[in-house]
Every structure is written in structure tokens, then in C-alpha cells.
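Residue numbers run from 1 in the order of the sequence given.
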Amino acid sequence: IFYCAYMIADRFKDKNFQGFVWKFTQDTASFEDFGCQDKASSLRVGPGTTVTLFEHPKFGGAAVQYNTDTADLGLTKMGDKGSGCKIVKA
């Protein structure tokens, strides 16, 4: 797993941190350009970081905050639904 010095959010295509991984280190209004809109099923969050996933691009729709790794985003109703994120270092 790649860890940058400060903030990171790794989105995985499959549950339990399996499959293709997309890495984000800053706010991203739309995952569409990265090919992962509505496709991630698990999330790794760097130390001291909070990630907010949004259901729709441009930080719209339902939002769920994560500050720990989540092996199954479906349990928080964001499995295969995230379209953007905000990343904050505590």
C-alpha cells in the first residue's frame, strides 16, 4: 500500500481491499476522470485522516465520513456509489 507523508485515501474495486486500487491525496470533485466513479467497494484511510465520500460528483448527494479503513463500503451504503471525496488531515 502506498502511504504519502500526510493524507491518503485508497479506494479498492473489490471488498476487503482487493482488486484495482485508486489513490487520492486531495479533494476530488469527481472520480469520473479516474475511471472509478461508482466502482469502489473498500477504502483505506491514512493515519490521522478523515475521508468524506459523496454519492454524486461535485460533493453532492449523500455523504459518509471515514477515519478508519473500511473493508466493505456496502455496510455504510456507499459500496459502488462514491463519486467524489474530501480528504482532511486532523
Side-chain angles (χ1 to χ4, degrees):
I1 298 295
F2 168 83
Y3 283 96
C4 72
Y6 297 101
M7 298 178 272
I8 188 162
D10 291 344
R11 290 172 43 109
F12 293 82
K13 185 175 184 311
D14 300 319
K15 294 178 187 177
N16 299 312
F17 317 112
Q18 302 296 310
F20 191 85
V21 61
W22 297 274
K23 298 172 184 294
F24 295 94
T25 58
Q26 62 187 10
D27 294 354
T28 304
S30 176
F31 293 141
E32 186 173 19
D33 292 341
F34 302 95
C36 62
Q37 183 166 325
D38 299 334
K39 291 185 180 177
S41 297
S42 55
L43 175 74
R44 284 207 191 271
V45 178
T49 301
T50 298
V51 176
T52 304
L53 288 182
F54 293 86
E55 182 181 20
H56 302 303
K58 298 183 182 175
F59 313 117
V64 178
Q65 286 189 337
Y66 303 88
N67 55 22
T68 61
D69 294 350
T70 304
D72 185 355
L73 291 173
L75 298 176
T76 63
K77 301 188 183 198
M78 287 301 269
D80 298 330
K81 290 187 179 181
S83 294
C85 73
K86 289 192 177 186
I87 301 174
V88 177
K89 174 71 174 172

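To the nearest 0.5 Å, the span separating CG on Leu53 from NZ on Lys86 amounts to 13.0 Å. Taking OG of Ser42 as the start and NZ of Lys15 as the end, the distance is 10.0 Å to the nearest 0.5 Å. For the atom pair OG1 of Thr68 and CG of Leu43, the computed distance is 8.5 Å after rounding to the nearest 0.5 Å. Distance check, rounded to the nearest 0.5 Å: OG1 of Thr70 to CZ of Phe17 gives 7.0 Å. Separation of atoms OG1 (Thr52) and CZ (Phe59) is listed at 10.0 Å; rounding is to 0.5 Å. Atom CZ in Phe20 sits 10.0 Å away from atom NZ in Lys39 (nearest 0.5 Å).
At a threshold of 4.5 Å between non-hydrogen side-chain atoms, the residues Ile87 and Asp27 count as touching.
A salt bridge links Asp69 with Arg44: the distance from a Lys NZ or Arg NE/NH1/NH2 to an Asp or Glu carboxylate oxygen falls below 4.0 Å.
Heavy atoms only, all atoms of each residue included: Lys81 and Lys77 are closest at CD-O, 3.4 Å. Across every non-hydrogen atom of Glu55 and Met78, the tightest pair is N-CE, 3.6 Å.
No side-chain donor-acceptor contact under 3.5 Å links Asn16 to the backbone of Gln18. In this structure, the side chain of Ser30 does not engage the main chain of Thr28 through any donor-acceptor pair within 3.5 Å.
Not a single salt bridge (charged side-chain N to carboxylate O under 4.0 Å, His left out) links Asp14 to another residue, sequence neighbours left out.
Linking ILVMFWY side-chain heavy atoms closer than 4.5 Å, directly or via other members, places Phe54 and Val51 in two distinct hydrophobic clusters.
Aromatic ring orientation, Phe31 versus Phe24: tilted (interplanar angle from 30° to 60°).
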